[in-house]
Structure formats: structure tokens, C-alpha cells
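Okay, so here's the structure we're looking at.
Letters A, B, ... are given to chains in the order of the sequence lines, protein chains preceding strands, and every chain is numbered from 1.
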Amino acid sequence: MLAGRVDEVAPRLLGARIASWVDTSPVALRVVEVEAYGGEDDPASHACRGATGRNLAMFAEPGTAYVYFSYGVHWCLNVTVGPAGRAGAVLLRAGEVVTGIEVARDRRTPPSGRPPRDRDLARGPGRLTQALGVSRVHDGTDLLDGGSVVRLTLPDVAVAEYLCGPRVGINRAADRPWRFWLPDEPAVSAYRGGTGTRGERSER
DNA sequence: CGTGCGATTATCT
DNA sequence: GATAATCGCACGC
């Protein structure tokens with residue numbers, strides 16, 4: 001199910017479970033927001049100009065973790081999609097903590113600061129990786145292998161309904177509605193784009 | 001509550 | 001040397 005077109009696969013990851021056992025502490029999230037990124041056909045993708053050292057995992061087997069460093073500050077976690085050799089990935093943008101909330105809270109509490117509200121623990125791609133304890137070392141992990149430190153469990157059934165709209169924080173191909181999220185979920189990240197365009201209702 | 005801006009660094013040109 | 005798939009805080013309404 002991860003082998004198809006990235007913009008068709010992405011919404012099917014809504015409701016999936018992403019779990020980590022970093023430092024032996026389990027934390028699990030229910031995925032509530034994702035974005036699709038393609039290959040040469042997608043000007044906004046890291047893989048738009050072919051393979052490089054950083055984006056190599058985007059060309060790997062579907063279900064591989066692609067982790068990259070963003071804005072000199074944050075790590076972001078993608079699930080590789082599409083046949084091996086062809087670039088494609090789904091960025092996990094936000095999740096709801098369902099297991100290990102104390103550990104997630106610890107990781108997200110700044111030194112000498114207060115913990116964020118529960119709904120903000122994994123609200124946004126940088127916060128999501130921080131809550132899970134995911135970083136560079138997890139780049140290339142097989143997320144479908146039950147022995148991996150970071151694992152993805154696909155939904156048993158596709159969600160009944162989701163919304164879609166433009167991807168956040170990109171300049172090119174801004175017209176593609178390749179951001180997908182669940183309705184009425186407090187953990188969905190705030191839209192930070194400039195236009196205020198709203199997502200449209202979809203079926204399934 | 002919404003908008004604006006600076007931080008910080010791996011990666012690529 | 002420029003850029004970036006972000007975040008948190010400051011400020012104004």
C-alpha cells in the first residue's frame with residue numbers, strides 16, 4: 001500500500017501509528033497530519049534534482065525513514081513511498097500522543113521551562129520528532145520491521161474523511177493540495193502559509 | 001488571537 | 001555563500 005503515487009498514499013497514512021523505543025522509552029503517536037513529496041516531477045521536493053547525499057533515503061524501499069535537518073534547528077521525519085529507485089516520501093507533520101506521554105512531555109519541556117500543553121506535544125514536524133526522540137541516526141531505518149527502534153503501523157481501515165490544502169512553508173508548486181489532515185483534531189498544526197487558503201473536504 | 005522576525009547549521013551550488 | 005518541508009517569543013489589536 002506504500003507503493004503507489006505519493007499523493008494518493010499520503011492520506012492513507014492518516015490514522016497510522018508511529019512509535020519509537022529510543023532510550024528504551026516507548027512513545028507512540030496517532031498520525032493526524034501529513035504532506036506528500038514527489039521526485040523530479042515535484043519542484044518542492046528535496047529530490048527534484050535527483051539523488052544527493054541527503055535525500056538518498058527517498059529513493060529506498062517504501063517504508064524507509066527519511067530524516068533531514070531543517071532550518072538549522074529541527075529534525076523532520078518522512079516515510080518513503082513508491083517503488084524503490086523512484087523518489088517519493090510522506091512528511092509526518094503532526095500526531096496525537098497515545099502512549100508514553102510523560103516521556104514525550106520530558107523531551108518537549110525546555111530546560112528550566114514549563115511543559116507544553118498535551119495537544120502541542122507533537123503538533124508540527126519538528127515537535128513530532130522531538131517527542132519521539134527521532135534524529136539523524138534514524139535516517140534509513142526500516143519502519144515496517146518489527147525490530148526497528150522506530151516503527152510504523154499502517155491503519156487497519158482508511159479514515160472516513162480528511163481535509164486537504166497547500167503544503168506549508170514551500171515556495172514552489174504551492175498550488176498542489178498535497179497537505180492532508182484529519183478534521184476536528186486539536187493536534188493538527190496551525191497553518192503558517194500566507195494566503196489563508198483553506199482545505200477542501202474530500203471523500204473516502 | 002494573528003502576524004512578524006530571529007535563531008542556527010547541514011546541505012548543495 | 002545562499003538557502004531552508006520550523007519553532008517560539010514578542011508585539012499589536
- With a 3.5 angstrom cut-off on both distances, give the Watson-Crick or G-U wobble partner of C/dA5, or none if there isn't one. none
- Message: Once you apply a heavy-atom cut-off of 4.0 Å, does A/Arg108 come out as touching a base, just sugar-phosphate, or nothing?
- Response: sugar-phosphate
- Message: Can you pull out the residues from residues 69-81 of chain A that lie within a 4.0 Å heavy-atom distance of DNA chain C?
- Response: A/Ser70, A/Tyr71, A/His74, A/Asn78
- Mind checking whether A/Leu77 and A/Ile18 have side chains closer than 4.5 Å, heavy atoms only? yes
- Hey, does the side chain of A/Arg93 come within less than 4.0 Å of C/dT6's phosphate (OP1/OP2), counting only N and O? yes
- Message: What I'd like to find out is whether the side chain of A/Val6 reaches to under 4.5 Å of the side chain of A/Val90, using heavy atoms alone.
- Response: yes
- Task: With heavy atoms under 4.0 Å as the rule, sort A/Leu91 into base, sugar-phosphate or nothing.
- Result: base
- Item | Residues forming a ring pair (Phe, Tyr, Trp, His ring centres under 6.0 Å) with A/Tyr37, sequence neighbours excluded | none
- Item | A/His46 side, atom NE2; A/Thr52 side, atom OG1 - distance, nearest 0.5 Å | 9.0 Å
- Query: Pick the nucleotide of DNA chain C nearest each of A/Gln130 and A/Arg172; which residue has the one closer to the 5' end?
  - Reply: A/Arg172
- So A/Ile101 and A/Asp118, side chain to side chain contact (heavy atoms under 4.5 Å, CB included) or not? Walk me through it. CA-CA 8 Å; A/Ile101 194 163; A/Asp118 287 350; 3.7 Å; yes
- Picking from B/dC12, C/dA4, C/dC7, which would you name as closest to the side chain of A/Arg54? B/dC12
- Distance, rounded to the nearest Å, where A/Arg117 contributes CZ and C/dG8 contributes C1': 15 Å
- Determine whether A/Leu2 and A/Leu13 make a side-chain contact, defined as any pair of heavy atoms from C-beta on separated by less than 4.5 Å. yes
- Message: From CG of A/Leu56 over to P of B/dC12, roughly how many Å is that when rounded to an integer?
- Response: 10 Å
- Message: What is the separation between atom CG on A/Asn55 and atom C1' on B/dT11, rounded to the nearest whole Å?
- Response: 10 Å
- Winner on side-chain proximity to A/Arg136, out of C/dA5, B/dA10, B/dC12, is B/dA10
- Message: So that I know where these two stand, are A/His74 and A/Phe69 an aromatic pair - ring centroids less than 6.0 Å apart?
- Response: no
- Note on the structure: Taking a pair to mean Watson-Crick or G-U wobble geometry with both distances below 3.5 Å, B/dT8 pairs with none
- Item | A/Tyr37 ring over C/dA5 six-membered base ring, under 5.5 Å and 30° | yes
- Message: Among C/dA4, C/dG8, C/dA5, which nucleotide has an atom closest to any side-chain atom of A/Arg127?
- Response: C/dG8
- Note on the structure: Sorted by position of nearest nucleotide on DNA chain C, 5' first, the leading residue of A/Leu128 and A/Asn171 is A/Asn171
- Between CZ of A/Arg114 and P of C/dC9 the distance, given in whole Å, is 12 Å
